[in-house]
Amino acid sequence: MDNFLRYFFQDIGNVFRAFVDMLVAIGNFFNFLLNFPMRMDIIKKYEESFSATEWVMLLVVNIILIVLIVAMFIGIFKLCKKIFRFRISPKKYDEVVKQVRALQRDLIRANYEKDRLLAMRVAELSGGESLPQLMDEQDQNQNEEQENEETALVSANRNRFDSPPVDPSESRFFRLTSVDNFYKTEYSAPTYDFDVTLEEFCERFRKFAASQLHLYYDIDLIRFFVASMGAARIIILQGISGTGKTSLPYAFGKFVQKDSTVVSVQPSWRERTELYGYYNEFTKKYSETEFLNAIYECNYYRDPHIVILDEMNIARVEYYFAEMLSILELPLQEEWKINVVSAVWDNDPCLISEGSVSITDNVWFVGTINNDDSTFAVADKVYDRAIPIDLDSRAEPFECEETDPIFVSTDHLNKMFSQAKEAFPVSQEILDKLEVVNDYVIKNFRLAFGNRVMKQINEFVPCLVACGGTEIQAVDFIIAKKVLRKFESLSLGFMKDDLTKFSNFLDRTFGKNTMTFCKSYIDLLKKTN
């Protein structure tokens, strides 16, 4: 034991003395650093022999010293603040929790008052009873109405279209019932143009936008947009603000004389009810949305219609739009249905079957995207199902003859797309080159085209050729937007040489400076990483 104590005092004593020496050294450091009287005495000792240059150097040295002292103390203060930062006490935490719960109760009461006001509005629209009377009757007849809901089911195959118009105020779907009444009593189908070709359609659309709306677009952009409608149900327009992302589908609606529906996405959207609405148990009415109204109304006419999801990535697209992404992937178009209610009532809108609304083939969804710090990144599963188009600049204004809008049916538009796929299939030479590119990408970047990309290539390329573009232009566009976009997930900062080699590989495979979209995108990836 004595030997260990001697060892301990000798070994640990050395450590302790070193620690004390370190503290003494730190103390001496601050003593010399902050001992300004001592420093003044030293300066007085030499001041008589200082030249003008030496006085300047003395001033510079002392300024630097003062700056270092201030910087050191600021650093020490921040370090102490970080180490001893304020932490809320358990008692204070309990008080905050109580306040949050009180706010939650207030929110519930506010929602209750909102529902009361909504009920009052519904009563006013129906010309019925006052709010207190309506509330009393709802409270008294709640059980009776529950029984009526269970017994009011109708057959799934029952056709109510031939029935007389229904008073919208008597239906839980006010807007959809109003749509029924309009198409039962007022609507008459237009006379469609069945002679226009896809190339003429694109040219007339561009001239109409310029002459009637003063919106100017390059012909290639118009062709990409129209061809995308033949390859996918979802189109994504992305780019900087002010380049016409929303105005392009808006102008298309004006051109085909069926105004596009603009749905402004909100940051709080997290689920399907933001798009489709919901049944309010309190008011016994369905909260209908612009999106649901547009989808439902598309069942009545054959004009092509565009639903614009404006600023679609201001909320997470894969949250509120997930169900629609899955529905549009179903192979049979008659399976495209969205569930609205669990049971159908007798006075529900005519085209709600088994509680569902069909998504017809005359509707396309166009999402606009701004890529900045205020938005969310769009998931791959969204991009994979869509055709993305970049709008990075505005086209120069041009003069053209005044062009009238057109009536074109979706049947004719789809027929033109089908004929294009038969008349202009992707050549075997291009398919062979795509296989070579796919092997190169797999080997060097661990990525692949995938079946969905190949399907879109086989559908997009013929449509673009029919619109007036070229086969290589279409292939270049799809590879850049659908394949190279996946490169952003790689560590490109360490792969600039690989990107350069890939650019040279594209030149050797397709011809020098032929794949302009791909090469521009590769150059952008090399600059931004």
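Being a predicted model, the structure only gives us computed values, none of them experimental.
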Testing Thr368, Thr246, Asn370 one by one against Glu311 for a side chain to side chain donor-acceptor pair (under 3.5 Å), which residue passes? Asn370
Taking the six-membered ring for Trp, are Tyr440 and Phe445 parallel (under 30°), tilted (30 to 60°) or perpendicular (over 60°)? tilted
From CA spacing to verdict: salt bridge (charged side-chain N to carboxylate O under 4.0 Å, His left out), Lys381, Asp384: CA-CA 5 Å; Lys381 71 176 184 179; Asp384 287 346; over 6 Å; no
Measure the shortest side-chain to side-chain distance between Glu199 and Arg204 over non-hydrogen atoms and say whether it is less than 4.5 angstrom. no
Keeping the roles fixed (side chain from Tyr319, backbone from Trp269), state whether a donor-acceptor pair exists under 3.5 Å. no
Arg270, CZ: over 12 other non-hydrogen atoms inside 6.0 angstrom: no
Would you say the side chain of Leu221 lies within less than 4.5 Å of the side chain of Ile219, judging by non-hydrogen atoms? no
Smallest separation among heavy atoms of Asp303 and Thr410, with atom names: C-OG1, 3.3 Å
Under 3.5 Å, is there a donor-acceptor pair between the side chain of Lys482 and the main chain of Ala386? yes
Tell me whether the rings of Tyr276 and Phe291 are parallel (<30°), tilted (30 to 60°) or perpendicular (>60°). tilted
May I ask you to check whether over 12 heavy atoms, not counting those of Lys337, lie within 6.0 Å of atom NZ? no
Spatial distance of atom CZ (Phe208) from atom CG (Asp404) [nearest 0.5 Å]: 8.5 Å
Side chain Thr177, main chain Ser171, donor-acceptor under 3.5 Å: no
To the nearest 0.5 Å, how far apart are CG in Asn313 and OG1 in Thr375? 4.0 Å
Do Leu447 and Val483 have side chains that get closer than 4.5 Å, going by heavy atoms? no
Search all heavy atoms of Asn293 against all heavy atoms of Val179 and return the closest pair with its distance. OD1-CG2, 3.5 Å
Polar side-chain atom of Lys455 near backbone of Ala231 as donor-acceptor pair, under 3.5 Å: no
